[in-house]
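Remember, it's a predicted structure, so these values are computed and weren't measured experimentally. These numbers come from the heavy atoms of this one structure, side chains and all, not from hydrogens, waters or symmetry mates.
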Amino acid sequence: MNPPSTWSRGAGTGALLAVVAMIFAQFGMAISVGVIKEVGPEGATWLRLFWAAILFVLLGRPHPGRFTRATLRAGALLGVATAGLTLSFMAAAARLPLGTATALEFLGPLTLAVVHGRGRSPVWPGLAAVGVVCITEPWQASSDLLGILYTLAAAVCWAVYIVLTQRMSDAVAGFGGLAISMPVAALVATGAAYHSIVSMDVRLLATGIGIALLLPVIPVSLEIQSLRSLNLAAFGTLVALEPAVALLVGLIVLDQTPGTLSIVGIGLVVLAGVGAARTGARGADPVVVAEDPP
């Protein structure tokens with residue numbers, strides 16, 4: 001009798017963990033939208049990164065002797081990219097529907113997948129470009145240009161974040177890299193959110209623990225387990241579904257009903273992401289670490 005396939009034994013579980021991680025992440029973002037209304041995007045960003053830094057230091061238990069100067073430098077740069085990504089996306093989420101913001105932000109990893117893909121097919125960026133036009137509807141005077149710009153800034157930061165995360169994961173396994181980068185991100189966010197921080201009460205500070213657990217602590221922990229049985233192509237394909245998950249969560253939690261054209265645009269971005277991931281894998285072997293943006 002032939003042994004069960006790798007997919008039936010391991011990759012199926014890995015795929016399920018990846019999907020659950022996306023759901024946690026998007027619910028975390030949806031709850032953050034409510035916090036943004038109280039303390040602004042900068043304050044909500046600081047709450048998430050501050051508690052995430054504490055939790056990842058406890059999980060990673062970093063020891064100075066484990067890291068080279070180059071690793072510490074890369075971790076610091078990753079922290080700055082993390083702060084930029086989170087600040088930009090929180091500002092965008094305050095102005096745009098969650099599904100729309102996530103789809104536009106996904107252009108960052110999509111661009112990386114296309115650039116590093118085999119053959120660099122123009123089909124996927126073309127589909128994504130049409131999707132972006134459908135989502136943003138630039139011919140509408142009501143389009144929130146500032147929100148779109150914030151999201152595109154987040155897309156650039158996400159692309160940088162992915163590149164730096166891959167470098168860190170080659171040198172540091174598990175939560176070690178996050179134990180370096182997340183405190184730096186929290187420090188950067190502290191500078192941006194100082195006026196919001198001083199006005200926070202105990203209730204808001206306690207809320208931050210829940211937000212940090214929903215995103216990034218639980219999703220990242222699930223992804224680390226997921227990537228033990230999925231290669232980058234399979235994982236990238238699943239991640240490409242995130243804009244669709246964000247659309248559903250926005251509809252259920254925030255009552256954000258997308259228009260028909262927005263749904264078509266998000267679908268095109270998802271399709272482009274799946275296609276780019278299938279032709280842009282870094283390798284066929286399972287990898288150990290890769291994180292969703294905090």
Side-chain angles (χ1 to χ4, degrees), residues 7 11 14-15 18-19 21-22 25-26 81 85 88-89 92 96-139 143 147-167 169 223 226-227 230-250 258-287 290-293:
W7 175 260
V19 172
M22 281 189 281
Q26 292 306 321
L85 166 61
S88 300
F89 189 77
L96 298 173
L98 189 58
T100 298
T102 303
L104 293 176
E105 183 199 30
F106 189 70
L107 294 177
L110 172 59
T111 300
L112 282 182
V114 169
V115 169
H116 294 288
R118 296 186 293 271
R120 299 187 184 181
S121 169
V123 173
W124 312 126
L127 274 179
V130 174
V132 168
V133 172
C134 292
I135 291 168
T136 58
E137 299 184 40
W139 55 85
S143 296
I148 293 169
L149 290 175
Y150 276 133
T151 313
L152 295 178
V156 173
C157 289
W158 195 359
V160 174
Y161 173 93
I162 290 170
V163 172
L164 292 174
T165 296
Q166 287 183 343
R167 292 180 183 176
S169 66
E223 286 171 4
S226 172
L227 282 163
L230 291 177
N231 60 38
L232 282 177
F235 185 77
T237 301
L238 288 167
V239 169
L241 301 176
E242 189 147 11
V245 175
L247 186 149
L248 290 174
V249 171
T260 302
L261 206 54
S262 292
I263 294 174
V264 171
I266 290 171
L268 290 174
V269 171
V270 168
L271 182 59
V274 171
R278 299 304 296 175
T279 58
R282 192 168 75 161
D285 296 329
V287 294
E291 291 91 13
D292 210 22

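By the 4.5 Å heavy-atom criterion applied to side chains, Tyr150 and Leu104 are not counted as neighbours. Residues Leu107 and Trp158 form no side-chain contact, since every pair of their non-hydrogen atoms from C-beta on lies 4.5 Å or further apart. Within the 4.5 Å cutoff, no side-chain heavy atoms of Val270 are placed close to those of Phe106.
For Val133 against Trp139, the heavy-atom pair with the smallest separation is CG1-CZ3, 3.6 Å. Nearest approach of Gly108 to Ala159, heavy atoms of both residues: O-CB, 3.9 Å. Between Ala92 and Gly147, the closest heavy-atom pair is CB-O, 3.7 Å. Leu261 and Cys134 make their closest contact through O-CB, 3.5 Å (heavy atoms, listed as atom of the first residue, atom of the second, distance). Residues Val245 and Gln26 share a closest heavy-atom pair of CG1-CG, 3.9 Å. When all heavy atoms are compared, the tightest approach of Leu85 to Ala154 is CD1-O, 3.4 Å.
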For a side chain to side chain contact (heavy atoms under 4.5 Å, CB included) check, start with the C-alpha distance between Cys157 and Glu105, then their side-chain angles and the critical distance, and finish with the verdict.
CA-CA 9 Å; Cys157 289; Glu105 183 199 30; over 6 Å; no
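Looking only at distances, a side-chain donor or acceptor of Ser143 sits under 3.5 Å from a matching main-chain atom of Thr136.
The distance from the CG atom of Leu248 to the CE atom of Met22 is 11.5 Å, given to the nearest 0.5 Å.
The side chain to side chain contact (heavy atoms under 4.5 Å, CB included) search around Leu247 returns Pro258, Ile263, Ile266, not counting sequence neighbours.
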